[in-house]
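Computed from heavy atoms alone, side chains included, the values below leave out hydrogens, waters and symmetry copies. Note that the structure is a prediction, hence the values are computed from the model and not measured.
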Amino acid sequence: QVQLVESGGGLVQAGGSLRLSCAASGRTFSSYVMGWFRQAPGKEREFVAAIRWSGGSTYYADSVKGRFTISREDAKKMAYLQMNSLKPEDTAVYYCAVRSGTTINILPRQYNYWGQGTQVTVSS
């Protein structure tokens, strides 16, 4: 089993910044991908960003490209999502998730483990 715990959410004004953290513990795979997803009320969970743990290559949804940055700190098994120039439409519960392997995938069902989520609210 893999345990994931997100932190760093909160209330911020439009144009502001937040950094989300995801701490991983438990079983580790020889190779895996960590993703960030978000879900707004009444909407489906959507892909935000992902990072291939080995090598660090990244992929972003078009809606956040240029504003969000995903990174990881291997020794601490931590992943981060730096969110800049936040917009009200970024308001959602943000989740980190892990899937085994090296293929970056944007579908939530392809991820095996999930955190509990952290709320991000952007006021206009």
Side-chain angles (χ1 to χ4, degrees):
Q1 291 290 327
V2 175
Q3 292 79 44
L4 302 172
V5 179
E6 303 97 335
S7 60
L11 173 64
V12 64
Q13 289 188 331
S17 298
L18 281 174
R19 189 176 83 151
L20 305 183
S21 300
C22 178
S25 61
R27 174 190 175 190
T28 57
F29 305 102
S30 58
S31 58
Y32 58 98
V33 170
M34 181 169 280
W36 284 96
F37 292 78
R38 66 187 181 187
Q39 189 166 18
K43 295 188 176 181
E44 293 187 352
R45 192 166 298 190
E46 66 172 1
F47 172 80
V48 175
I51 186 166
R52 187 176 288 117
W53 205 262
S54 175
S57 55
T58 58
Y59 187 77
Y60 296 92
D62 287 343
S63 58
V64 306
K65 202 173 292 183
R67 300 188 298 123
F68 291 10
T69 303
I70 188 172
S71 62
R72 89 265 193 254
E73 196 170 356
D74 197 14
K76 295 184 178 181
K77 293 187 181 179
M78 294 287 297
Y80 306 97
L81 185 68
Q82 177 66 43
M83 306 186 295
N84 299 327
S85 301
L86 282 161
K87 305 174 182 179
E89 51 263 44
D90 294 318
T91 295
V93 177
Y94 283 71
Y95 300 89
C96 65
V98 165
R99 68 182 304 271
S100 59
T102 59
T103 302
I104 289 181
N105 196 296
I106 67 170
L107 298 175
R109 65 174 182 267
Q110 296 293 333
Y111 286 75
N112 309 97
Y113 301 97
W114 292 82
Q116 83 289 349
T118 185
Q119 176 71 47
V120 171
T121 304
V122 184
S123 63
S124 57

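Partners of Thr102 by side-chain hydrogen bond (donor to acceptor under 3.5 Å, both in side chains), not counting sequence neighbours: none found. With sequence neighbours left out, the salt bridge (Lys or Arg N to Asp or Glu O under 4.0 Å) criterion links Glu46 to Arg38. Taking Lys43 as the reference, nothing meets the side-chain hydrogen bond (donor to acceptor under 3.5 Å, both in side chains) condition, with sequence neighbours excluded. By the side-chain hydrogen bond (donor to acceptor under 3.5 Å, both in side chains) test, Arg67 pairs with Asp90, sequence neighbours left out. For Asn84, the side-chain hydrogen bond (donor to acceptor under 3.5 Å, both in side chains) criterion is met by Ser17, Gln82, not counting sequence neighbours. For Glu44, the salt bridge (Lys or Arg N to Asp or Glu O under 4.0 Å) test picks out no residue, with sequence neighbours left out. Considering only residues two or more places apart in sequence or on other chains, Asp74 meets the salt bridge (Lys or Arg N to Asp or Glu O under 4.0 Å) condition with none of them.
Under the 4.5 Å side-chain criterion, counting only non-hydrogen atoms from C-beta, Thr91 is not in contact with Val120. The shortest side-chain heavy-atom distance between Val33 and Asn105 does not fall under the 4.5 Å cut-off. Contact of the Ile51 side chain with the Ser57 side chain is not registered, since no non-hydrogen atoms from C-beta on lie closer than 4.5 Å. Between Leu4 and Val98 there is a side-chain heavy-atom pair separated by less than 4.5 Å. Taking the side chain as every heavy atom from C-beta outward, Pro108 and Trp114 approach each other to under 4.5 Å. With contacts defined as side-chain heavy-atom distances shorter than 4.5 Å, the pair Tyr94/Glu6 does not qualify.
Distance CZ/Arg72 to OG1/Thr58: 10.0 Å, rounded to 0.5 Å. Expressed to the nearest 0.5 Å, how far CD of Glu73 lies from CE of Met78 amounts to 7.5 Å. We find the CZ-CZ distance between Arg109 and Arg99 to be 11.0 Å, quoted to the nearest 0.5 Å. In this structure, the separation between CZ on Arg19 and OG1 on Thr69 is 11.5 Å, given to the nearest 0.5 Å.
Residue Ile106 is not grouped with residue Met83 when hydrophobic side chains (ILVMFWY) are merged at heavy-atom distances under 4.5 angstrom, including chains of intermediate members. Tyr113 and Ile70 end up in the same hydrophobic cluster when Ile, Leu, Val, Met, Phe, Trp and Tyr side chains are linked at under 4.5 Å. Residues Tyr95 and Leu18 do not share a hydrophobic cluster, defined by chaining ILVMFWY side chains whose heavy atoms lie under 4.5 Å apart. Follow the hydrophobic side-chain contacts under 4.5 Å out from Leu81 and you never reach Phe37; the two are in separate clusters.
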**Request:** Report the C-alpha separation of Trp36 and Leu20 in whole Å, then their side-chain angles, then the decisive distance to 0.1 Å, and conclude whether the side-chain contact (heavy atoms from CB on, under 4.5 Å) test is met.
**Result:** CA-CA 10 Å; Trp36 284 96; Leu20 305 183; 3.6 Å; yes
Which pairs would a plain distance check flag for residues 7-16, meaning a side-chain donor or acceptor within less than 3.5 Å of a matching protein atom at least two apart in sequence or in another chain?
none

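Applying the disulfide bond (SG atoms under 2.5 Å apart) test to pairs two or more places apart or on separate chains, those with a residue in residues 64-124 are Cys22-Cys96. Pairs engaging residues 43-83 under the disulfide bond (SG atoms under 2.5 Å apart) rule: none recorded [sequence neighbours left out]. Within the structure, ring pair (Phe, Tyr, Trp, His ring centres under 6.0 Å) pairs that include any residue of residues 50-92 comprise Tyr32-Trp53, Phe47-Tyr59 (at least two apart or interchain).
Closest heavy-atom contact between Ala24 and Met34: CB-CE, 4.3 Å.
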